[in-house]
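Letters go in sequence order (proteins before strands), and every chain restarts at 1. Given the structure is predicted, the values throughout are model-derived calculations rather than measurements.
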2 protein chains.
Amino acid sequence: MSKQTEILKCDCNVIHQDVVDLVKTTMPSQDKLQELSQLFKVFGDPTRLKILSALFKSEMCVCDMATLFNMTQSSISHQLSVLKQARLVNYHREGKVVYYGLDDQHIQQIFDQGYLHIQER
Amino acid sequence: MSKQTEILKCDCNVIHQDVVDLVKTTMPSQDKLQELSQLFKVFGDPTRLKILSALFKSEMCVCDMATLFNMTQSSISHQLSVLKQARLVNYHREGKVVYYGLDDQHIQQIFDQGYLHIQER
DNA sequence: TGAACATATGAACAAGTATTCATATGATAA
DNA sequence: TTATCATATGAATACTTGTTCATATGTTCA
């Protein structure tokens with residue numbers, strides 16, 4: 001609790017303490033910001049957007065996507081695993097082929113939280 | 001136009017040509033995807049979200065933000081320049097102090113495009 | 001069982017990025 | 001003009017990330 005424990009990185013003087021205090025009261029938690037930025041980060045890659053955009057139209061297997069985007073199967077697969085971890089896509093296997101689709105439930109949840117919005121599908 | 005010019009990275013066989021063709025007709029352009037992912041990337045960092053979140057509440061100077069987030073002035077300044085380039089924030093100088101705020105006009109534009117949505121302000 | 005094929009995955013590498021440090025710029029006031 | 005202060009910025013660094021290559025896994029079919 002001593003002054004020593006609180007090492008301020010900011011080397012400048014506070015200009016508006018009232019503003020700082022006001023804003024502090026309504027700041028989202030660090031966890032919330034982390035979670036939210038994590039989600040945005042997933043959307044922050046053209047390949048992943050491409051995949052999501054395609055899956056909005058139709059379920060697809062990895063091979064379909066690799067062909068459509070003219071990318072390696074491996075690269076698509078890696079990105080799908082990112083999307084899988086973010087629970088944006090799900091999949092079901094039929095023999096050798098794995099079909100990916102949007103995880104509608106979780107995506108709906110994201111929209112329900114109010115951060116994203118899409119016009120038509 | 002020869003076969004040689006079109007080198008396919010995908011080493012697997014197309015499973016569903018009909019699906020590929022269908023999806024191809026409705027894919028956003030590469031430019032659009034690039035632009036959109038670029039925007040998401042800006043939101044994909046907790047510090048930048050923190051700044052934006054704060055500015056939603058009140059205009060602030062760099063020093064205020066550095067204090068509030070307990071970060072170096074330099075780091076805040078660097079991130080502000082990213083937000084500036086994305087036209088998410090604007091600023092006006094009053095003497096030595098630079099005040100940052102949300103670029104409401106451009107943000108409104110982004111919302112108008114239908115990608116993002118916020119509940120209250 | 002083993003060959004063939006779709007997909008997954010670990011390691012390596014190149015490219016991108018957030019922060020820090022040092023310093024520059026721009027403004028004020030003495 | 002010079003000192004001071006708020007902010008900006010370039011270089012360096014540590015870290016993250018997207019793709020590729022090689023290979024593993026899992027399934028089908030002969």
* N or O in side chain of B/Thr47 less than 4.0 angstrom from C/dA18 OP1/OP2 -> no

* Heavy atoms under 4.0 Å is the rule here; annotate nucleotides 25-30 of chain D 5' to 3' with B where the base is hit, S where only the sugar-phosphate is, and - elsewhere. => -BBS--

* Check the distance between C/dT17's C1' and A/Gln38's CD and give it to me in whole angstrom. => 15 Å

* Asked: Can any side-chain N or O of A/Asp103 pair as donor or acceptor with the backbone N or O of A/Asn90 at less than 3.5 Å?
  -> no

* To do: Grab the OH-P distance between B/Tyr99 and D/dA8 for me, whole Å please.
  => 13 Å

* Asked: Checking only heavy atoms, does the side chain of B/Ser74 share a donor-acceptor pair with the base of D/dT9 at less than 3.5 Å?
  -> yes

* **Lys/Arg cation over aromatic A/Tyr91: A/Lys84, 6.0 Å, 45° cone** => yes

* Give the rounded distance in Å between these two atoms: CD1 of A/Ile76 and P of D/dC21. => 15 Å

* A/Ser37 side chain to A/Leu33 backbone, donor-acceptor under 3.5 Å -> yes

* **Given D/dT7, C/dT7, D/dT19, the nucleotide with the shortest approach to the side chain of A/Cys63** => C/dT7

* Could you state the atom-to-atom distance from CZ of A/Phe43 to P of D/dT17 in whole Å? => 16 Å

* Do side-chain atoms of B/Ser77 reach the backbone of B/Gln73 as a donor and acceptor pair under 3.5 angstrom? -> no

* Kindly say whether, by distance alone, the side chain of B/His78 makes a donor-acceptor pair under 3.5 Å with the base of C/dT17? => no

* **Distance in angstrom units between B/Asn70 CG and C/dA18 P, rounded** => 19 Å

* To do: Name the orientation class of the two ring planes belonging to A/Tyr99 and A/His92 (parallel below 30°, tilted from 30 to 60°, perpendicular beyond 60°).
  => parallel

* Structure fact -> When rounded to whole Å, the OH to P distance for the pair B/Tyr100 and D/dA6 reads 15 Å

* CA sep, side-chain torsions, deciding dist, call: A/Gln79, A/Lys50, side-chain hydrogen bond (donor to acceptor under 3.5 Å, both in side chains) -> CA-CA 11 Å; A/Gln79 296 298 6; A/Lys50 219 180 282 188; over 6 Å; no

* Asked: Between C/dG16 atom P and B/Asp45 atom CG, what is the distance in whole Å?
  -> 17 Å

* Asked: Would you say the base of C/dA8 and the side-chain of A/Gln73 have a donor-acceptor pair closer than 3.5 Å?
  -> yes

* Can you check whether A/Thr72 has a side-chain N or O nearer than 4.0 Å to OP1 or OP2 of D/dT20? -> yes

* Asked: Under the 3.5 Å rule, do the base of C/dA18 and the side chain of B/Gln79 count as making a donor-acceptor pair?
  -> no

* Quick one: does A/Ser53's side chain get under 4.5 Å of B/Met27's, heavy atoms only? -> yes

* Map A/Lys41 and B/Leu80 onto DNA chain D by nearest heavy atom, then report which one ends up closer to the 5' terminus. => B/Leu80

* What is the nucleic acid contact for B/Ser81, judged by heavy atoms within less than 4.0 Å: base, sugar-phosphate only, or nothing? -> nothing

* Asked: Can you check the B/Tyr91 OH to D/dT9 C1' distance for me, whole Å?
  -> 13 Å

